[in-house]
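Below you'll find the structure, written out as structure tokens, and then a few comments.
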Protein chains: 2
Amino acid sequence: MTIYDIAKVAGVSASTVSRVINNKENIKKETRDKVKQILREYNYIPNDQARGLVTRSTKLIGILVVDIRNAHHTDIAFVVEKFLRKKGYCSIILNAGEDESEMCEAIRIIEQRRVDGVLLIGSMFQNKRVKTEIIQNLSHIPIVMANGYIDRSNVYGVLVDEYEGVKKCVDLLFSKGKNNIAFIAKSTTPSSQEKIKGYIEGLKKHNYLEKDIIIIETNNTLKGGYKATQELLMEKKHIDAIIYSEDIIAVGGIQAVKDLGLCIPKKVAIIGVDNTIYGQIISPSLTSLDNKMTDMALQASNILIDDLEGMNHPEKIMLFSEIVERETT
Amino acid sequence: MTIYDIAKVAGVSASTVSRVINNKENIKKETRDKVKQILREYNYIPNDQARGLVTRSTKLIGILVVDIRNAHHTDIAFVVEKFLRKKGYCSIILNAGEDESEMCEAIRIIEQRRVDGVLLIGSMFQNKRVKTEIIQNLSHIPIVMANGYIDRSNVYGVLVDEYEGVKKCVDLLFSKGKNNIAFIAKSTTPSSQEKIKGYIEGLKKHNYLEKDIIIIETNNTLKGGYKATQELLMEKKHIDAIIYSEDIIAVGGIQAVKDLGLCIPKKVAIIGVDNTIYGQIISPSLTSLDNKMTDMALQASNILIDDLEGMNHPEKIMLFSEIVERETT
DNA sequence: TTGTAGGCGTTATCAG
DNA sequence: CTGATAACGCCTACAA
């Protein structure tokens, strides 16, 4: 069913049908009504593909996440998809992986799809190869990075001050009388690097010595958190608080602390980051730094659409994280 | 950058370029090499939109889920997207909501996008309006329903025997000496209806009387599970086991039981469904019916692609669920 | 082995 | 107010 078919039935030209479909002015009411009627009758649905070929727009947004199964990415994907759809766009979601070449591959795919804009979710996309790929092949469409930024004219960044946030976590722990604070992280992401910086600065503020800074590397899983925590606490019995780079690691940590028979938060206090539902499920419930991921995602989509519609926006905006206190502190 | 641009540079016609791009036979090696070289040099990327217009295929798959934030939907989205991408397809994911008209709206959107195939994730899509919508407007492309089925020639169904699964859960509880088993569910989905049937049949097998069947309705949240469980146990103190229609509800249930000071599983045993990560986070860890959601999703995508590539498949296949036993039983 | 011409379903331009 | 006609970028007979 094409506009030609409709045109034939209606006894008008295809252009007229097109005009009716696109609500153009200057059509006789009669004609418009008749065409509309037939459109409905035949349940005509325009072909976005053909339409896009001439309007040079797909109304498609490419959304890249490392792994949608990360709780915060999931929430983001939900919020963003809903928002974009309301604005008339569809979302192509790609799990781009952690590997730089995988990411570039994903970028190339959305490029081939001629998406109207791109959302890069997560700090992981802030690396050299991705940057090069974007400069070379994606400089003609708007890109918004949620939790990241690249200094290019078509790239926007929405960031969260995780640095300040973690510093506040350290403050909170000191205020609770904790003096031996460790940090357990999946450290390979730029976002984690920020958090680590915040941790170190936080400690320094409280006159910590360089040698007392304890940063443990692990992977981003329940098991990773468990193992790292267990090893840490067996070796360094004076530790009385641990901050984790992500909730899921913290949850593993809580389980380890419990298994060691240590009291939370009395013997060991714990703080996670992301404020996911995991924190409400685990017992004791987890104090977590809410890094406003969904706010960020919404801001990001908003900026993207605004740019697409010709509105201006600052290249870079910053959101403020917030500690949600629960039983582990 | 179009094939015409490339053609001009290479000193050949556009069709030759097209042939090279699509790896057609009968091209002089020299020509092919030269064109390929230029293609690379100019970093040419074909326009899928234009291509699809003539091949009548978008290489786009529409994926409808009720809400991608449901843990099992998330896993599915991940697995499916990865799989489809490897096969050369992109995924348009829509959160279709629980409302029938929202669902139909979503269906109309993917229709307009001219997707090559559709994946309907979850039993919720098994309703009259969706069925009508599919029959009227989506009869020309393959549709695979994960955890659902509609009897149409272009619709496949991949199902899990949740009925048998829940029956097995009842058996397990009886074998542990439990005799007063309740069921708490968000009952509005066809899938829940299956589970409820399994619960009832399971009880009947063990000579339960109709009047002792206890089914409590709640919503699909932590809080819902908590409240329903609390109320149930305060009122009926003889209950010694509860099955929940979803893990997240069961997790709320565990918290309620603990808050009431009752021992799990000694006083009250608990079983969830979905085998999500929540079950590993909560303490005591949750026994759960693994309904093989990701297997199902993979099967579903596989069938979809096979159909698209002209291969045959049975209209309907069934997977077997499996109890993963942990501390709550 | 290669080029020409036509068409996929729309929208946009320009006459009328 | 409406209708031809030409793009959009690509693929595919058919012809050469």
>> I need the residues from residues 107-116 of chain A with at least one non-hydrogen atom less than 4.0 Å from DNA chain C; give them sorted by number, or say none.
In response: none
> Between B:Arg56 and C:dG9, is there a side-chain N or O to OP1/OP2 distance below 4.0 Å?
Replying inline: yes
> Can you find a side chain N or O atom of B:Ser13 that sits less than 4.0 Å from OP1 or OP2 on C:dG3?
Replying inline: yes
>> Rounding to an integer number of Å, can you tell me how far B:Ile3 CD1 sits from C:dG3 C1'?
In response: 12 Å
> Does B:Arg129 have any salt bridge (charged side-chain N to carboxylate O under 4.0 Å, His left out) partners at least two apart in sequence or in another chain, and if so, which?
Replying inline: none
> Whole Å only: how far is the CD atom of B:Glu25 from the C1' atom of C:dT2?
Replying inline: 16 Å
>> Give me each pair satisfying salt bridge (charged side-chain N to carboxylate O under 4.0 Å, His left out) with a member in residues 71-80 of chain A, each pair once, sequence neighbours excluded.
In response: none
>> Using every non-hydrogen atom in the two residues, find where A:Val160 and A:Met318 come nearest and quote the distance to one decimal.
In response: C-SD, 3.8 Å
> Roughly how many Å is it from CG in A:Asn23 to C1' in C:dT11, rounded to a whole number?
Replying inline: 15 Å
> Toward the 5' end of DNA chain C, which comes first, B:Asn26 or B:Leu53, by nearest nucleotide?
Replying inline: B:Asn26
Measure all distances between protein nitrogen or oxygen atoms and nitrogen or oxygen atoms of nucleotides 12-16 of chain C, and list the pairs falling under 3.5 Å.
none

>> Expressed as a whole number of angstroms, how long is the span from B:Arg51:CZ to C:dG9:C1'?
In response: 19 Å
>> Under the rule for side chain to side chain donor-acceptor pair (under 3.5 Å), what residues qualify as partners of B:Asp151, not counting sequence neighbours?
In response: B:Tyr149
> If we only count heavy atoms from C-beta on, is the A:Met103 to A:Phe125 side-chain gap below 4.5 Å?
Replying inline: yes
>> Under a 3.5 Å distance rule, please check whether A:Asn154 uses its side chain to pair with a backbone N or O of A:Leu138 as donor and acceptor.
In response: yes
> Within the structure shown, what part of the strands sits under 4.0 Å from A:Ile27 by heavy-atom distance: base, sugar-phosphate, or nothing?
Replying inline: sugar-phosphate
> If you walk 5' to 3' along DNA chain D, what is the first nucleotide with an atom under 4.0 Å of a heavy atom in chain A, and what is the last?
Replying inline: D:dC1 to D:dG9
Tell me which donor-acceptor pairs under 3.5 Å the side chains of residues 293-304 of chain B have, and how far apart each pair is, sequence neighbours excluded?
{"unit_1": "B:Ser301", "atom_1": "OG", "unit_2": "B:Ala297", "atom_2": "O", "d": "2.6"}

>> Tell me if the CD atom of A:Glu41 is crowded by more than 12 foreign heavy atoms within 6.0 Å.
In response: yes
>> Test of understanding: with side chain to side chain donor-acceptor pair (under 3.5 Å), list the residues that count as partners of A:Glu100, not counting sequence neighbours.
In response: none
>> Going by side chain to side chain donor-acceptor pair (under 3.5 Å), name the residues that satisfy it together with B:Thr74, two or more places apart in sequence or in a different chain.
In response: none
Donor-acceptor contacts under 3.5 Å from residues 4-14 of chain B side chains, at least two apart:
{"unit_1": "B:Asp5", "atom_1": "OD2", "unit_2": "B:Thr2", "atom_2": "N", "d": "2.8"}
{"unit_1": "B:Asp5", "atom_1": "OD2", "unit_2": "B:Thr2", "atom_2": "OG1", "d": "3.4"}
{"unit_1": "B:Ser13", "atom_1": "OG", "unit_2": "B:Ser15", "atom_2": "N", "d": "3.4"}
{"unit_1": "B:Ser13", "atom_1": "OG", "unit_2": "B:Ser15", "atom_2": "OG", "d": "3.0"}
{"unit_1": "B:Ser13", "atom_1": "OG", "unit_2": "B:Thr16", "atom_2": "N", "d": "3.4"}
{"unit_1": "B:Ser13", "atom_1": "OG", "unit_2": "B:Thr16", "atom_2": "OG1", "d": "3.3"}

> Considering residues at least two apart in sequence or located in another chain, which fulfil the side chain to side chain donor-acceptor pair (under 3.5 Å) criterion with A:Glu111?
Replying inline: none
> Looking at five pairs on each end of the helix from C:dT1-D:dA16 to C:dG16-D:dC1, what is the angle between the two axes, given to 10 degrees?
Replying inline: 40°
> Would you find more than 12 non-hydrogen atoms of other residues, nucleotides or ligands less than 6.0 Å from A:Glu30 atom CD?
Replying inline: no
> Between A:Asp48 (CG) and C:dG9 (C1'), how many Å, whole number?
Replying inline: 11 Å
> Between the side chains of B:Ser57 and B:Asp116, does any donor sit under 3.5 Å from an acceptor?
Replying inline: yes
